[in-house]
Amino acid sequence: MDARSWKHAAGAWLKSLCFALLIATGIQVFLVQPFVVPTSSMAKTIKPGDYILVSKLHYGPRTPQSVGLPFLDLYVPGVHLPSARLPGLAESERGDVVVFHYPPEKKPIDQKTAYVKRLVGLPGDTVEVQNGRAVVNGKPLTAVPTVQQQWDVHLKDPRMRLLPNHLRPLGIRTARPTSDPNRRLVTATSEAADALASYSFVQSVELSASTSPAKQPTFPANSDFTRDEYGPVPVPRHCLTKSRYEATES
């Protein structure tokens, strides 16, 4: 192959590559975007390492704020574009599993860390958490069966142990010790907690309520809300929010 033919082939290959990158970027920005599930917070629905495709069409795609290749996480630094959300095909509904960008990060929205959770609050709602339970508009929210929460397990005798053969059939991974020798902490569904309470050596199983300030930033900033005592917070009509309770949704 002479130099002229080689340049022609290289140019054609480069054009094809640019066209493919343009199509891939357009699909990811306006149609669907792949994500890898990073944590176990929804482990009964989706697991860490799972690949999911998220529709941009349902709620409406957002025009990019950054210039670059989002699927390679490569962006031109310092370039921020005006952004707008295009009309979507459907309205959000309570209980939807949604992907959103983590608000506290100081980055353009399309570069922020993606979180996947279940939607609790709709525009105009008032959301709060009372003793670890989500409350919307003054009414306790009926949790989906796969929701996992943290439970206090009180044993009748501190010498008793919650062994793997007690926990695994209920889908519980471990029982964490506490400063109280009679108390253990488990993460489980309501159904698993009820089954655990039926064990002869278990005195009671109750939702574990935290009175410590949340370790992660909460909304609004500098509030004294905790993970299990949050709000009430009104949801603005022009945006969506979720309850901290759903951070353990599964």
_Checking V98 against Y59 for the side-chain contact (heavy atoms from CB on, under 4.5 Å) test, could you report, in this order, the C-alpha distance in whole Å, the side-chain angles of both residues, the deciding distance, and whether it holds?_
CA-CA 10 Å; V98 298; Y59 297 156; 3.6 Å; yes

*Test T126 against V136 for side-chain contact (heavy atoms from CB on, under 4.5 Å), laying out the working first.*
CA-CA 6 Å; T126 297; V136 179; over 6 Å; no

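With sequence neighbours left out, R184 forms a salt bridge (Lys or Arg N to Asp or Glu O under 4.0 Å) with no residue at all. With sequence neighbours excluded, the residues satisfying salt bridge (Lys or Arg N to Asp or Glu O under 4.0 Å) with R159 are D157. R94 is linked by a salt bridge (Lys or Arg N to Asp or Glu O under 4.0 Å) to D125, counting only residues two or more places apart in sequence or in another chain.
Residues L207 and R133 form a side-chain contact, since some pair of their non-hydrogen atoms from C-beta on lies under 4.5 Å apart. Contact check for S208 versus R183: side-chain heavy atoms found under the 4.5 Å cut-off. D152 has its side chain out of reach of V205: every pair of non-hydrogen atoms, C-beta onward, lies at least 4.5 Å apart. Considering only heavy atoms from C-beta on, L185 comes within 4.5 Å of T178 through its side chain.
Under the 4.5 Å side-chain contact rule for hydrophobic residues, I27 and F19 share a cluster. Taken together through direct or relayed side-chain contacts under 4.5 Å among Ile, Leu, Val, Met, Phe, Trp and Tyr, M160 and V186 form part of one hydrophobic cluster. Linking ILVMFWY residues whenever their side-chain heavy atoms come closer than 4.5 Å, directly or via other members, leaves W151 and V147 in distinct clusters. Taking hydrophobic clusters as Ile, Leu, Val, Met, Phe, Trp and Tyr residues chained together by side-chain heavy-atom distances below 4.5 Å, L22 does not share a cluster with L17. Under the 4.5 Å side-chain heavy-atom criterion for ILVMFWY residues, no single connected hydrophobic cluster contains both Y230 and V135.
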Name the atoms and distances for all side-chain donor-acceptor pairs under 3.5 Å in residues 75-86, with sequence neighbours left out.
residue : atom : partner : partner atom : Å
Y75     : OH   : D110    : O            : 3.3
S83     : OG   : T63     : O            : 2.7
R85     : NH1  : G60     : O            : 2.6

Which donor-acceptor pairs under 3.5 Å do side chains of residues 195-204 form with protein atoms, sequence neighbours excluded?
residue : atom : partner : partner atom : Å
S198    : OG   : A195    : O            : 2.5
Y199    : OH   : H166    : O            : 2.9

Residues 50-57 side chain polar contacts: donor-acceptor under 3.5 Å, at least two apart:
residue : atom : partner : partner atom : Å
D50     : OD2  : K47     : N            : 2.8
S55     : OG   : L57     : N            : 3.2
S55     : OG   : H58     : N            : 3.4
S55     : OG   : H58     : ND1          : 2.7
K56     : NZ   : Q28     : O            : 2.9
K56     : NZ   : Q33     : OE1          : 2.9

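Residue-environment remark: CZ (R176) exceeds the threshold of 12 foreign heavy atoms within 6.0 Å. Applying the 6.0 Å contact sphere to CD of E191 captures no more than 12 heavy atoms from other residues, nucleotides or ligands.
Here NE2 of H101 is found 12.5 Å from OH of Y115. Values are rounded to the nearest 0.5 Å. One distance of note links CG of L162 with CG of L170; it measures 10.0 Å at 0.5 Å rounding. Interatomic distance, NZ of K117 versus CG of D96, reported as 16.0 Å (0.5 Å rounding). The NZ atom of K107 sits 13.0 Å away from atom CD1 of I109, with the distance rounded to the nearest 0.5 Å. Considering CG of L21 and OG of S16, their distance stands at 11.0 Å, rounded to 0.5 Å. Atoms CG and CG, from L163 and N165 in turn, are 5.0 Å apart once rounded to the nearest 0.5 Å.
Side chain to side chain, T187 and Q149 fail the donor-acceptor criterion of an N or O pair below 3.5 Å.
Counting only distance, with no hydrogens or angles, the side chain of D228 and the backbone of N131 share no donor-acceptor pair below 3.5 Å. No donor-acceptor pair closer than 3.5 Å links the side chain of Q111 to the backbone N or O of S66. Panel note: side chain N182, backbone H154; no donor-acceptor pair is recorded below 3.5 Å.
Nearest approach of P140 to G138, heavy atoms of both residues: CD-O, 4.1 Å. Across all their heavy atoms, A193 and A188 have their closest contact at N-CB, 4.5 Å. When all heavy atoms of F30 and P64 are compared, the closest pair comes out as CZ-CD, 4.4 Å. Pairing each heavy atom of V29 with each of R62, the nearest pair is CG1-O, 3.9 Å.
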